[in-house]
Number of protein chains: 2
Amino acid sequence: MKYSTKVSDAVHIMAFIALNPAGSLTSEKIAESIRTNPGCVRQLMSLLRKYGLLISIKGHPKPSLTKLPSDITLLDIYKAVEGEKSLLHLDTHTNPECGVGIHIQLALQDYFDQVQKCAEEEMQKITLQDILNRYQEKLFHLGELFERKVSEDL
Amino acid sequence: MKYSTKVSDAVHIMAFIALNPAGSLTSEKIAESIRTNPGCVRQLMSLLRKYGLLISIKGHPKPSLTKLPSDITLLDIYKAVEGEKSLLHLDTHTNPECGVGIHIQLALQDYFDQVQKCAEEEMQKITLQDILNRYQEKLFHLGELFERKVSEDL
DNA sequence: CATGTTGTTATAATTAAATTTACATCAAAG
DNA sequence: CTTTGATGTAAATTTAATTATAACAACATG
């Protein structure tokens, strides 16, 4: 299948809203940045809204976050758009007549759950604010490089 | 797309081989248990062989593990069949003209890497032997249930 | 009331994976 | 040495999850 970029795009949307607290933000503007179409953006926003992470009103192009970026975790966004889908997938197609097969899968499920739990705990440590901060750093760093380049050129 | 069950199936294959150290094990026998066809099994075995986790010889239906199950981790198997593919995927399609977009994605990459690292460390703690043990427990537990059922029926 | 945007749903297109097929190559048995 | 059966590999096909697209009713604003 295609790789899911829902989490990535959802973070993008959330960050975009956080960075535009005042101005009007249409789904089309956001879609331009993600390079997709407004329909996709609205679908993701619908999921984020249903999960209580943002508020938006029909016909009113001013979405807003329900919480501070420091109170929104990557896990929140993951759960909002991916639900209970996990990162590793069992093969549930194994031959049920084969006792070995089914029990190996059951055993493996326990360990996949363990990895999932670990990943989710890590995602819970990461907030939207962290991502915004890192974003600012990247921008600042780029600015520095540009400054140096200019002074070298003189 | 379809969900990848390569890790799951690869563990299945490795466990199957570990449980059949003596007998001849054809790709067809393994395929029956996973309920797929021999070609798929051979493709996965090829990846496992290239990564050095098992040995098998053309025309000789007796695959064997290169290490003790207690020395083979879930991470080994993951790397063998999934390579450097990670669990979470960035949207690399964002508009490069949109400075905000690209830098949010760059910032997010750092955090996706962090989650990946965490998951991989957890996978490294889990050995094939652990999975085999859990498998035995499940089998044993099922046996107990059966015993009880029989005695109740008397 | 006119315009523009959202929320929702249904449908199509895309893409990564699994499956299937085919065949050359090798091992073992007769 | 020949036959049989299995493997290793690669190409072509099918399947399935996701994204993209389109359409339209409902709502806000001026």
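Residue numbers start from 1 in every chain, and the chains themselves are labelled A, B, ... in the order their sequence lines are given, proteins ahead of strands.
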J.: What is the nucleic acid contact for A:Glu28, judged by heavy atoms within less than 4.0 Å: base, sugar-phosphate only, or nothing?
T.: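 Counting heavy atoms under 4.0 Å across all strands, no contact is made by A:Glu28.
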J.: Given D:dT7, is OP1 or OP2 found less than 4.0 Å from the side-chain N or O atoms of B:Thr26?
T.: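 So the side-chain polar atoms of B:Thr26 never come under 4.0 Å of the phosphate oxygens OP1 or OP2 of D:dT7.
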J.: Which residues in residues 48-61 of chain A have at least one heavy atom lying under 4.0 Å from any atom of DNA chain C?
T.: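 When residues 48-61 of chain A is checked for heavy atoms under 4.0 Å from DNA chain C, the hits, listed by number, are A:Arg49, A:Ser56, A:Ile57, A:Lys58, A:Gly59, A:His60, A:Pro61.
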J.: Just the rounded figure in Å: distance from C1' of D:dT15 to CG of B:Asn37.
T.: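 Atom CG in B:Asn37 sits about 14 Å away from atom C1' in D:dT15.
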J.: How many Å lie between NE2 on A:His12 and C1' on D:dT19, as a whole number?
T.: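 Whole-Å distance recorded here is 16 Å.
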J.: Donor-acceptor pair, B:Ser8 side chain versus A:Asp91 backbone, under 3.5 Å?
T.: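 Pair found, side chain donor or acceptor close to backbone of A:Asp91.
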J.: What pairs with A:His89 under ring-ring contact (aromatic ring centres under 6.0 Å, His included), at least two apart in sequence or on another chain?
T.: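 B:Tyr3.
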J.: Round to the nearest Å and state the distance from B:Lys62 atom NZ to D:dA6 atom P.
T.: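 After rounding, the reported distance stands at 11 Å.
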J.: Provide, to the nearest angstrom, the distance between the CZ atom belonging to A:Arg35 and the P atom belonging to D:dT19.
T.: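 Going from A:Arg35 (CZ) to D:dT19 (P), I get 17 Å.
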J.: Categorize B:Leu44 for me: base, sugar-phosphate, or nothing, with a 4.0 angstrom heavy-atom threshold over every strand shown.
T.: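 Contact class for B:Leu44: none.
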J.: Check every strand shown and say whether A:Lys85 touches a base, only sugar-phosphate, or nothing at a heavy-atom separation below 4.0 Å.
T.: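 A:Lys85: backbone/sugar contact only, no base atoms under 4.0 Å.
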J.: How long is the line joining NE2 of A:His89 and P of D:dA16, in whole Å?
T.: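 These atoms are roughly 15 Å apart.
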J.: CD1 of B:Ile13 versus C1' of D:dG8: gap in Å, rounded?
T.: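 In whole Å, D:dG8 C1' and B:Ile13 CD1 are 14 Å from each other.
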J.: Measuring to OP1 and OP2 of D:dG8, would you say a side-chain N or O of B:Ser46 lies under 4.0 angstrom away?
T.: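 Negative; the distance criterion is not met.
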J.: Reckon A:Leu47 touches a base, only the sugar-phosphate, or nothing at all at heavy-atom distances under 4.0 Å?
T.: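 Touches nothing.
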J.: Give every donor-acceptor pair under 3.5 Å between a side-chain atom in residues 119-130 of chain B and any protein atom, sequence neighbours left out.
T.:
residue: B:Glu120; atom: OE2; partner: B:Lys79; partner atom: NZ; Å: 3.2
residue: B:Glu120; atom: OE2; partner: B:Gln116; partner atom: NE2; Å: 2.9
residue: B:Glu121; atom: OE2; partner: B:Lys117; partner atom: NZ; Å: 3.2
residue: B:Glu122; atom: OE1; partner: B:Lys125; partner atom: NZ; Å: 3.2
residue: B:Glu122; atom: OE2; partner: A:Gln114; partner atom: NE2; Å: 2.9
residue: B:Thr127; atom: OG1; partner: B:Gln129; partner atom: N; Å: 3.3
residue: B:Thr127; atom: OG1; partner: B:Asp130; partner atom: N; Å: 3.1
residue: B:Thr127; atom: OG1; partner: B:Asp130; partner atom: OD2; Å: 3.3
residue: B:Gln129; atom: NE2; partner: B:Asn133; partner atom: OD1; Å: 3.0
residue: B:Asp130; atom: OD2; partner: B:Thr127; partner atom: N; Å: 2.9

J.: Salt bridge between A:Lys29 and A:Glu32, side-chain N to carboxylate O under 4.0 Å?
T.: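 Looking at A:Lys29 and A:Glu32, the cut-off is not met.
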J.: Go through the structure and list residues passing ring-ring contact (aromatic ring centres under 6.0 Å, His included) with B:Tyr111, not counting sequence neighbours.
T.: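 So B:Tyr111 forms no ring-ring contact (aromatic ring centres under 6.0 Å, His included) with any residue.
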J.: When the side chains of residues 52-76 of chain B are checked against the rest of the protein, which donor-acceptor pairs come out under 3.5 Å, sequence neighbours left out?
T.:
residue: B:Ser56; atom: OG; partner: B:Arg49; partner atom: NE; Å: 3.0
residue: B:Thr66; atom: OG1; partner: B:Gly52; partner atom: O; Å: 2.7
residue: B:Thr66; atom: OG1; partner: B:Leu53; partner atom: O; Å: 3.3
residue: B:Thr73; atom: OG1; partner: B:Leu75; partner atom: N; Å: 3.3
residue: B:Thr73; atom: OG1; partner: B:Asp76; partner atom: N; Å: 3.0
residue: B:Thr73; atom: OG1; partner: B:Asp76; partner atom: OD2; Å: 3.3
residue: B:Asp76; atom: OD2; partner: B:Thr73; partner atom: N; Å: 2.9

J.: Can you check whether A:Tyr3 has a side-chain N or O nearer than 4.0 Å to OP1 or OP2 of D:dT19?
T.: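 The answer is no; no side-chain N or O of A:Tyr3 sits under 4.0 Å from OP1 or OP2.
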J.: Provide the start and end nucleotides, 5' to 3', of the part of DNA chain C that has atoms under 4.0 Å from heavy atoms of chain A.
T.: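 Under 4.0 Å from chain A, the extent on DNA chain C is C:dG4 to C:dA17.
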